[in-house]
Amino acid sequence: MNYEEKDYSLTHVTCLRGVHIRIPTSVIPGQTVTMICSYDLEGDPLYTVKWYKGRSEFFRYVPKELPHTRVFPYPGINVDVSQSNSNQVVLRDVQMDIAGKYRCEVSADAPSFHTDMVSSYMHVVQCKIKFILSL
């Protein structure tokens with residue numbers, strides 16, 4: 001038998017990589033919080049960025065849709081749409097009940113549709129300050 005040699009090497013491979021999430025570990029009630037999701041699409045176009053609190057999606061960015069942003073109701077989460085985009089979501093007036101696990105899911109567009117998800121926790125803590133008066 002005579003086997004023909006063929007080159008099966010991949011000439012151009014791209015993938016989604018380097019997905020990182022940056023969320024403050026602890027915040028005080030009433031603060032504004034910026035959550036950042038960074039990623040490298042390696043040349044692929046962005047399909048969507050989704051943000052979740054627990055298992056519930058509360059914010060989505062899709063560059064091919066108008067408007068690009070969409071907010072899904074979640075009790076206690078107040079998204080500042082004017083400050084939120086493909087790399088960050090801004091929450092105004094955070095309260096104790098929105099502490100927990102947050103996830104960022106990034107998907108590349110065709111042809112790869114690679115998807116990656118990262119998560120982190122945010123704690124909302126009540127600080128008690130004791131003043132000492134000296135007379």
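None of the values given here were measured: they were computed from a predicted structure. Atom set for the values below is all heavy atoms of this structure, side chains included, hydrogens, waters and symmetry mates excluded.
- With hydrophobic clusters built from ILVMFWY side chains whose heavy atoms lie under 4.5 angstrom apart, V49 does not share a cluster with V90.
- To the nearest 0.5 Å, atom CG of residue D93 and atom CG of residue D80 are 12.0 Å apart.
- The shortest non-hydrogen separation linking I23 to S120 is CD1-CB, 4.1 Å.
- F58 and Y102 have perpendicular rings, their planes meeting at more than 60° on a 0 to 90° scale where under 30° would count as parallel.
- Atom CD1 of I77 and atom CZ of F59 lie 12.0 Å apart (nearest 0.5 Å).
- The side-chain heavy atoms of V71 and V81, taken from C-beta on, include a pair separated by under 4.5 Å.
- Here R92 contributes atom CZ and Q31 contributes atom CD; the two are 12.0 Å apart, rounded to the nearest 0.5 Å.
- Counting all heavy atoms, side chain and backbone alike, D109 lies closest to K64 at OD2-NZ, 2.6 Å.
- A donor-acceptor pair under 3.5 Å is formed between the side chain of H68 and the backbone N or O of P63.
- R103 places a side-chain N or O within donor-acceptor distance of the main-chain N or O of G54, the cut-off being under 3.5 Å.
- Hydrophobic cluster membership of Y52, counting Ile, Leu, Val, Met, Phe, Trp and Tyr whose side-chain heavy atoms lie under 4.5 Å apart directly or via other members: M117.
- No path of Ile, Leu, Val, Met, Phe, Trp and Tyr side chains, each step under 4.5 Å between heavy atoms, connects V125 with V27, placing them in separate hydrophobic clusters.
- The number of heavy-atom neighbours closer than 6.0 Å to CZ of R60, taken from other residues, nucleotides and ligands shown, is above 12.
- In terms of hydrophobic clustering, with Ile, Leu, Val, Met, Phe, Trp and Tyr side chains grouped at heavy-atom distances under 4.5 Å, V89 and V33 are assigned to a common cluster.
- Proximity of V106 to L46: side-chain heavy atoms (C-beta onward) are separated by under 4.5 Å at one or more points.
- A pairwise comparison of heavy atoms in P24 and T34 identifies CD-O, 3.9 Å as the closest pair.
- For the pair M122 and M35, the minimum side-chain heavy-atom distance is below 4.5 Å.
- Residue Y47 places its OH atom among 12 or fewer non-hydrogen atoms of other residues, nucleotides or ligands, all under 6.0 Å distant.
- Side-chain contact between H20 and V118 is absent, with no heavy-atom pair separated by less than 4.5 Å.
- No more than 12 heavy atoms of other residues, nucleotides or ligands shown are found within 6.0 angstrom of OH on Y121.
- Between P29 and M96 the shortest heavy-atom distance is CG-SD, 3.7 Å.
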Exercise for the section: Could you check I21 against S119 for side chain to side chain contact (heavy atoms under 4.5 Å, CB included), going step by step and ending with a plain yes or no? Expected result: CA-CA 7 Å; I21 191 170; S119 64; 5.6 Å; no
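- The CG atom of D116 sits 12.0 Å away from atom CG of D40, with the distance rounded to the nearest 0.5 Å.
- With hydrogens and angles disregarded, a donor-acceptor distance shorter than 3.5 Å links the side chain of Q88 to the backbone of Q83.
- Side-chain N or O atoms of N87 include one that pairs as donor or acceptor with a backbone N or O of C37 at under 3.5 Å.
- Within the 4.5 Å cutoff, the side chain of Y39 has heavy atoms near those of the L41 side chain.
- Proximity of a side-chain donor or acceptor of T48 to a complementary backbone N or O of V62 within less than 3.5 Å is not detected.
- Counting heavy atoms from C-beta outward, V79 and L91 have side chains that approach closer than 4.5 Å.
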